[in-house]
Amino acid sequence: QVQLVESGGGLVQAGGSLRLSCVASERTFNTYVMGWFRQAPGKEREFVAAITWNGASTTYAKSVNGRFTISRDNTETTVYLQMNSLEPEDTAVYYCVADYTAKRRYPIGPYDYWGQGTQVTVSS
């Protein structure tokens, strides 16, 4: 079982930035694809970004491409989501996700492990 704990969410004005962090309680963190999903109230979960086990490849949803950057630090078992130029449409609960690389489901998933989520609210 992989435990994922997100942090860094909050309230920010449109045009501002936030950096989300996700710490995984897994010593074999480098064998996992990592990613981020988000879900706004009343809407389905939406893919945001994903990164391969070694960070060599990243994938972004069209809606965030050019504004968000996903990265990882395998020695710290942490994945990050740097969010710039935030828009009110980015308001959602953001979930950190993980999937074993050998399952070959990168980048969309499905992902086997999910964090509890962190709220991001962008005011206009």
*Any idea which heavy atoms bring Pro88 and Ser124 closest together, and the distance?*
CG-CB, 3.8 Å
*Pairs touching residues 81-124 that satisfy disulfide bond (SG atoms under 2.5 Å apart), sequence neighbours left out*: Cys22-Cys96
_Taking transitive links into account, so neighbours of neighbours count too, which hydrophobic residues share a cluster with Ile108 at under 4.5 Å side-chain distance?_
Val33, Phe37, Phe47, Val93, Tyr95, Val97, Tyr106, Tyr111, Trp114
*asked:* Suppose we screen for side chain to side chain donor-acceptor pair (under 3.5 Å). Which residues come up paired with Thr75, at least two apart in sequence or across chains?
replied: Asp73
*Would a distance-only check, ignoring hydrogens and angles, find a side-chain to backbone donor-acceptor pair under 3.5 Å from Thr77 to Ala24?*
yes
*asked:* Tell me every residue that passes side chain to side chain donor-acceptor pair (under 3.5 Å) with Ser17, counting only those two or more places apart in sequence or in another chain.
replied: Asn84
*Does Leu81 sit in a hydrophobic cluster with other residues, and if so which ones, taking ILVMFWY side chains as linked at heavy-atom separations under 4.5 Å, directly or through other members?*
Val2, Leu4, Val12, Leu18, Leu20, Phe29, Tyr32, Met34, Trp36, Val48, Ile51, Tyr60, Val64, Phe68, Ile70, Val79, Met83, Leu86, Tyr94, Tyr100, Tyr113, Val120, Val122
*If you count the non-hydrogen atoms of other residues, nucleotides and ligands that lie under 6.0 Å from CD in Gln3, is the total more than 12?*
no
*asked:* Using only atom types and a distance under 3.5 Å, with no angle test, would you say the side chain of Gln82 pairs donor to acceptor with the backbone of Arg19?
replied: no
_My understanding is that only residues two or more places apart in sequence, or in another chain, count here; which of them pass side chain to side chain donor-acceptor pair (under 3.5 Å) with Arg67?_
Asp90
*So which residues get pulled into Leu11's cluster when ILVMFWY side chains under 4.5 Å apart are joined, directly or through others?*
none
*Determine the minimum heavy-atom distance between Thr91 and Gln119, stating which atoms define it.*
CG2-NE2, 4.0 Å
*To the nearest 0.5 Å, tell me how far Arg72 CZ sits from Thr52 OG1.*
7.0 Å
_Distance in Å, Trp53 CH2 paired with Asn30 CG, rounded so as to fall on 0.5 Å steps_ = 7.0 Å
*Of the non-hydrogen atoms in Ala92 and Ala40, which two are nearest, and what is the gap between them?*
CB-N, 3.8 Å
*With sequence neighbours excluded, tell me which residues meet side chain to side chain donor-acceptor pair (under 3.5 Å) with Ser85.*
none
*Which residue pairs pass the salt bridge (charged side-chain N to carboxylate O under 4.0 Å, His left out) test when at least one of the two sits in residues 43-61, sequence neighbours left out?*
Arg38-Glu46
*Keeping to residues at least two apart or across chains, list the salt bridge (charged side-chain N to carboxylate O under 4.0 Å, His left out) pairs with something in residues 104-124.*
Asp99-Arg105, Lys103-Asp112, Arg105-Asp112
*Taking all atoms of both residues into account, what is the closest heavy-atom pair of Pro107 and Ala50, and its distance?*
O-CB, 3.6 Å
